[in-house]
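Comments concern the structure below.
Just so you know, ligand 1 is whichever comes first in the structure, and atom 1 is the first atom listed for that ligand.
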Amino acid sequence: MKFETQCLHAGYSPKNGEPRVQPIVQSTTYTYDSAESIGKLFDLQEAGFFYTRLANPTTNAAEEKLAALEGGVAALCTASGQAATFYALMNLVESGDHFISTTNIYGGTYNLFAHTFRKMGVEVTFVNQDDNLDELRKAIRPNTKAVFGETISNPTLRVLDIEKFAALAQAANAPLIIDNTFATPYFCRPFEYGANIVVHSTSKYLDGHAVALGGAIIDGGNFNWEQEKFRQFSQPDITYHGLVYTRTFGKAAYAVKARVQLMRDLGATPAPQNSFLLNLGMETLPLRMKQHYANAQAVAEWLERHPMVERVNYPGLASSKDYELKQKYMPNGLCGVLSFELKGDKQTAMKWLDSLQIISREVHVADIRSCALHPATSTHRQLSDEEMRAANITPGFIRLSIGIENPEDLLADLQNAFDQIK
Ligand SMILES: *Cc1c(COP(=O)(O)O)cnc(C)c1O
């Protein structure tokens, strides 16, 4: 099946007389004919549902679709994107370990890495993604267990050179984890460039309608876990009567271990209702992404020509320093998120934002309705002037998430806001 067809049909094939649409299985529990069959489920000797914290048919359908769309071997859905990133790493590290991340990452991920993991005794080294491989390799330590980056970073909109980071991960003998939230598998499939694990905040484009928080981990099935460094995959797990993940689950060892250890113990399970909404959203992913890209490209080009705009940040512009990387990794399109700097002070930017009528003022990004945010007075308002300069947040800096409205209405709304600050 091609991508568009997988969006509709992967993960669920109803048999004679069954519902055409994967139903919401709103049940925490499942019933069996004998004590023996329940015992086999607990020992992971048989596949099946026994408790929704570990697996649920509605969520399973979304997981199989996600694995197909990314080209992976298995997937695990979580209650949020944050939980997905946390589990993706927790499945690899323990106290005393180390991993490498780029600096251009989502704010929540930065806090998780720099503060929460450090409190648990896991250290992170942040690297500059513009550095060459020789420079990057200096961050590698014997206990480096993962390398992490975002395909298109939120909110800085930098494009990652995935192949360079795959080479770094290989040099570290560790898997490359890519957060593919902004690109979506429609525009970029990181496994094709050497990534080993993909994570998503499905709360963004995959759901697409801003109705269901969620996350996902997709296992590329392309990393060799049978080595001393990752012995948790190839040595017996006493909590499952000595089960060996690599032996029993082969290429899906990473995804299965995340489910049966981390979901069992930490429990950030998505609600079946949310998995249903995620599935519904993914059905139209290609149509929506095409329109997000066409609209955002039109808005970016229009803003770049506007006399009241200082600069525009969108990798789809030929003037962008990441344009070549965009052409290589996402030749068919990009996300709808962009940012720009308008000429004027903080007051002017606030008045501009307040004048928008169709585009709403929101903290969220990446859904079908356009929205805007002024970081200096919202997400970054606690920072000192100096810290803001370091984060590249200027008084006139605006983040836009372009939806799928008619682009003429969006340009008219933007122009009207500029007219109010003349
Ligand atoms: C939103 C976001 C997250 C966090 O996801 P939640 O679903 O909000 O927990 C992680 N990474 C990126 C790139 C995001 O945009």
Side-chain angles (χ1 to χ4, degrees), residues 59 62 66 70 75-90 101-117 124 126 129 146 148-160 162 165 176-188 190 195 197-218 262 266-271 273-275 277-278 281-282 285 289 292 296 313 315 322 329-330 334-339 362-368 371 373 375 378-380 399-403:
T59 302
L66 280 158
E70 286 287 2
L76 175 69
C77 282
T78 57
S80 69
Q82 282 303 107
T85 306
F86 177 57
Y87 284 15
L89 279 149
M90 265 316 279
S101 170
T102 65
T103 51
N104 283 291
I105 51 172
Y106 175 67
T109 308
Y110 177 83
N111 282 332
L112 171 68
F113 289 178
H115 302 292
T116 302
F117 267 116
V124 59
F126 289 107
Q129 66 189 57
F148 184 94
E150 295 182 4
T151 320
I152 309 171
S153 62
N154 176 9
T156 48
L157 297 166
R158 293 298 315 277
V159 177
L160 188 73
I162 302 174
F165 274 76
L176 174 62
I177 307 175
I178 295 289
D179 182 335
N180 200 29
T181 299
F182 267 24
T184 82
Y186 182 59
F187 285 138
C188 182
I197 296 150
V198 164
V199 294
H200 278 282
S201 165
T202 63
S203 323
K204 312 292 166 53
Y205 289 117
L206 293 178
D207 157 37
H209 301 74
V211 292
L213 211 67
I217 303 171
I218 298 110
L262 300 176
L266 304 171
T269 312
Q273 168 88 31
N274 278 6
S275 299
L277 292 168
L278 169 60
M282 288 192 290
L285 180 71
M289 291 316 292
H292 279 294
N313 192 12
D322 285 343
Y329 291 106
M330 285 159 276
L334 283 174
C335 60
V337 183
L338 59 107
S339 59
E362 269 178 60
V363 179
H364 189 66
V365 287
D367 73 79
I368 47 178
C371 62
L373 181 79
S378 58
T379 48
H380 292 67
R399 186 178 76 186
L400 276 178
S401 176
I402 298 298

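Below 4.0 Å from some heavy atom of Gly81 lie the following atoms of ligand 1, by number and element: 5 (O), 6 (P), 7 (O), 9 (O). For ligand 1, the atoms sitting less than 4.0 Å from at least one non-hydrogen atom of Ser80 are 7 (O), 9 (O), numbered in the order shown with element in parentheses. Each of the following atoms of ligand 1 lies closer than 4.0 Å to a heavy atom of Gln82: 4 (C), 5 (O), 6 (P), 9 (O).
Aromatic rings of Tyr110 and Phe126 (six-membered ring for Trp) have centroids within the 6.0 Å cut-off, being under it. Aromatic ring centroids of Phe165 and Phe148 lie 6.0 Å or more apart. Proximity of the aromatic rings of Phe117 and Phe86 is defined here by a centroid distance below 6.0 angstrom, and this criterion is met.
A donor-acceptor pair is defined here as one N or O able to donate and one able to accept, closer than 3.5 Å; such a pair exists between the side chain of Glu150 and the backbone of Tyr106. A donor-acceptor pair is defined here as one N or O able to donate and one able to accept, closer than 3.5 Å; such a pair exists between the side chain of Gln82 and the backbone of Gly108.
For ligand 1, the polar-atom distance check against Asn154 finds a nitrogen or oxygen pair separated by under 3.5 Å. Remark: ligand 1 and Phe182 share no N or O pair separated by less than 3.5 Å (distance only, no angle test). Taking only nitrogen or oxygen atoms, main chain and side chain alike, Ser203 reaches within less than 3.5 Å of ligand 1.
Using a 3.5 Å distance cut-off with no hydrogens or angles, the side chains of Thr102 and Asn104 do not pair a donor with an acceptor.
Shortest contact from atom 15 (O) of ligand 1 to any protein heavy atom: Lys204 NZ, 2.6 Å. Looking only at heavy atoms of the protein, atom 13 (C) of ligand 1 is closest to Asp179 OD2, 3.3 Å.
Applying the side-chain hydrogen bond (donor to acceptor under 3.5 Å, both in side chains) test to pairs two or more places apart or on separate chains, those with a residue in residues 200-217 are Glu70-His200, Ser201-Ser203.
Within the 4.0 Å heavy-atom cutoff, Gly214 counts among the residues contacting ligand 1.
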